[in-house]
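See below for the structure under consideration.
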Amino acid sequence: MEKILVVDDEPSIVTLLKFNLEKAGFAVLTAEDGKAGYTIALEEKPDLIVLDLMLPFMDGMDVCKKLRQEKVETPILMLTARDDEFDKVLGLELGADDYLTKPFSPREVVARVKAILRRVNKDDKNSTSETDEKSYIQIGELIIYPERYEAMMNGNILELTPKEFELLLYLAHNQRKVLNRDQLLTAVWNYDFAGDSRIVDVHISHLREKIEADKRKPLYIKTVRGFGYKLERP
């Protein structure tokens, strides 16, 4: 049984999420402050963390950042009461896999959790069979090593979050093809419902900052207006 850690300082939300996640077949651990959540995440090694942004003692951003610094790659679904684009972008930059803005429906939380876990489990199953066919992918000065979850540009290792790497790898497997936001949400985030396409735009922007010499004039990740994005050799 997969374990979900819910970290939120509102008891009513913790109770609601625990009930619905257990009903969906998950084992649920809970914490009501950031420090406790961080400790439980390290000790219990849950399969996914539902993490509130505003927490006592240590906020969600710090929890996410510290876990990633400790090389903990557990997927994180971040909750925020703020409708603030900066918070969402920063959370994704620090390594969160997805976010939801309060108020939300328990059904949507469960759907997001299942989508993230399906993607993670699919990656685990396919990592050997799919990536052993070719040890690396080279597009211009960009080299991607799927089995090592590593990418290099001009001989320098790129500091990519797990989700940025998965998006880059999918673009590389489909180089020169124009992919719309819904296709990318389905393939990389494994959404089987209408997701927030801004997640794609945020990650594309981050990839350009790390790959392109001038992100305003990208040579690798191109925008095809009215359609989507494509990765191509300069």
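If you read the sequence from its start, that first residue is 1, and numbering goes on from there. Quick caveat: nothing in here was measured; it's all calculated off a predicted structure.
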Apply side-chain contact (heavy atoms from CB on, under 4.5 Å) to the pair M78 and M61, showing each step before the final yes or no. CA-CA 9 Å; M78 189 165 282; M61 295 292 189; 4.3 Å; yes
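- For E10, the side-chain hydrogen bond (donor to acceptor under 3.5 Å, both in side chains) criterion is met by K102, not counting sequence neighbours.
- With sequence neighbours left out, the salt bridge (charged side-chain N to carboxylate O under 4.0 Å, His left out) criterion links E2 to no other residue.
- Between the CG atom in L51 and the CG atom in D59 there is a gap of 9.0 Å [rounded to 0.5 Å].
- In this structure, the side chains of L79 and F104 come closer than 4.5 Å at one or more pairs of heavy atoms.
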Please lay out, stage by stage, how L21 and V6 fare under the test side-chain contact (heavy atoms from CB on, under 4.5 Å). CA-CA 10 Å; L21 287 166; V6 176; 3.8 Å; yes
Stepwise, does the side-chain contact (heavy atoms from CB on, under 4.5 Å) test hold for Y170 with L179? CA-CA 10 Å; Y170 187 75; L179 303 168; 3.7 Å; yes
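- Of all heavy-atom pairs between A151 and F165, the closest is N-CE1, 4.2 Å.
- Summarising the geometry of G60 relative to L55, their closest heavy-atom pair is N-CD1, 4.1 Å, with the distance given to 0.1 Å.
- Contact check for M153 versus Y220: side-chain heavy atoms found under the 4.5 Å cut-off.
- In the hydrophobic clustering, V224 connects to V178, F227, either directly or through intervening members, whenever side-chain heavy atoms lie under 4.5 Å apart.
- Remark: P75 pairs with L48, D97, I116, V120 by the side-chain contact (heavy atoms from CB on, under 4.5 Å) rule, at least two apart or across chains.
- The distance from atom CD1 of I157 to atom CG of L160, rounded to the nearest 0.5 Å, is 10.5 Å.
- In terms of modelled atom types and a separation under 3.5 Å, the side chain of R118 and the main chain of V113 share no donor-acceptor contact.
- In terms of heavy atoms, V7 sits closest to G37 at CG2-CA, 3.9 Å.
- Considering only residues two or more places apart in sequence or on other chains, Q69 meets the side-chain contact (heavy atoms from CB on, under 4.5 Å) condition with K65, K66.
- A heavy-atom distance below 4.5 Å is not found between the side chains of L184 and N180.
- Taking the side chain as every heavy atom from C-beta outward, L67 and I49 approach each other to under 4.5 Å.
- Looking at residues two or more places apart in sequence or on another chain, you find a salt bridge (charged side-chain N to carboxylate O under 4.0 Å, His left out) between K215 and E209.
- Shown here are the side-chain hydrogen bond (donor to acceptor under 3.5 Å, both in side chains) partners of K163, two or more places apart in sequence or in another chain: E166.
- Note on L77 and V110: same hydrophobic cluster, where clusters join Ile, Leu, Val, Met, Phe, Trp and Tyr whose side-chain heavy atoms are under 4.5 Å apart, directly or indirectly.
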Check against side-chain contact (heavy atoms from CB on, under 4.5 Å), Y99 and I199: CA-CA 9 Å; Y99 67 85; I199 294 174; 3.8 Å; yes
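- Judged by distance alone, with hydrogens and angles left aside, the side-chain atoms of N174 form no donor-acceptor pair with the main-chain N or O of K177 at under 3.5 Å.
- In this structure, I139 CD1 and L231 CG are separated by 4.0 Å, a value rounded to the nearest 0.5 Å.
- Annotation: side chain of I221 is in contact with side chain of E212 (closest heavy-atom distance under 4.5 Å).
- Each side-chain hydrogen bond (donor to acceptor under 3.5 Å, both in side chains) pair with one or both residues in residues 16-38, not counting sequence neighbours, appears once here: K18-E22.
- Considering only residues two or more places apart in sequence or on other chains, E232 meets the salt bridge (charged side-chain N to carboxylate O under 4.0 Å, His left out) condition with K222, K230.
- Heavy-atom minimum distance, P46 versus A41: CD-O, 3.5 Å.
- Atoms CE and CG, on M54 and D9 in that order, are 8.5 Å from each other to the nearest 0.5 Å.
- Between D47 and T74, the closest side-chain pair of non-hydrogen atoms is not below 4.5 Å.
- Listed by chain and number, the residues in a salt bridge (charged side-chain N to carboxylate O under 4.0 Å, His left out) with R181 are D201 (sequence neighbours excluded).
- Applying the side-chain contact (heavy atoms from CB on, under 4.5 Å) criterion to T15, with sequence neighbours excluded, gives no partner residue.
- A distance of 11.0 Å separates CG in L168 from OH in Y149, rounded to the nearest 0.5 Å.
- With rounding to the nearest 0.5 Å, the separation of NE2 in H173 from CD1 in I137 is 4.0 Å.
- In this structure, K210 pairs ionically with E164, as a charged nitrogen and a carboxylate oxygen lie closer than 4.0 Å.
- Smallest separation of non-hydrogen atoms from E73 and P162: OE1-CG, 3.0 Å.
- No more than 12 heavy atoms of other residues, nucleotides or ligands shown are found within 6.0 angstrom of CZ on F19.
- A side chain to side chain contact (heavy atoms under 4.5 Å, CB included) with I4 is found for one member of L117, L17, L29 and no other, namely L117.
- Not counting sequence neighbours, the partners of I143 by the side-chain contact (heavy atoms from CB on, under 4.5 Å) test are Y136, Q138, Y145.
- Nearest heavy-atom pair, L5 versus A31, reported as atom, atom and distance to 0.1 Å: CD1-N, 4.4 Å.
- Transitive grouping of hydrophobic side chains (ILVMFWY, heavy atoms separated by less than 4.5 Å) brings L167 and L219 into a common cluster.
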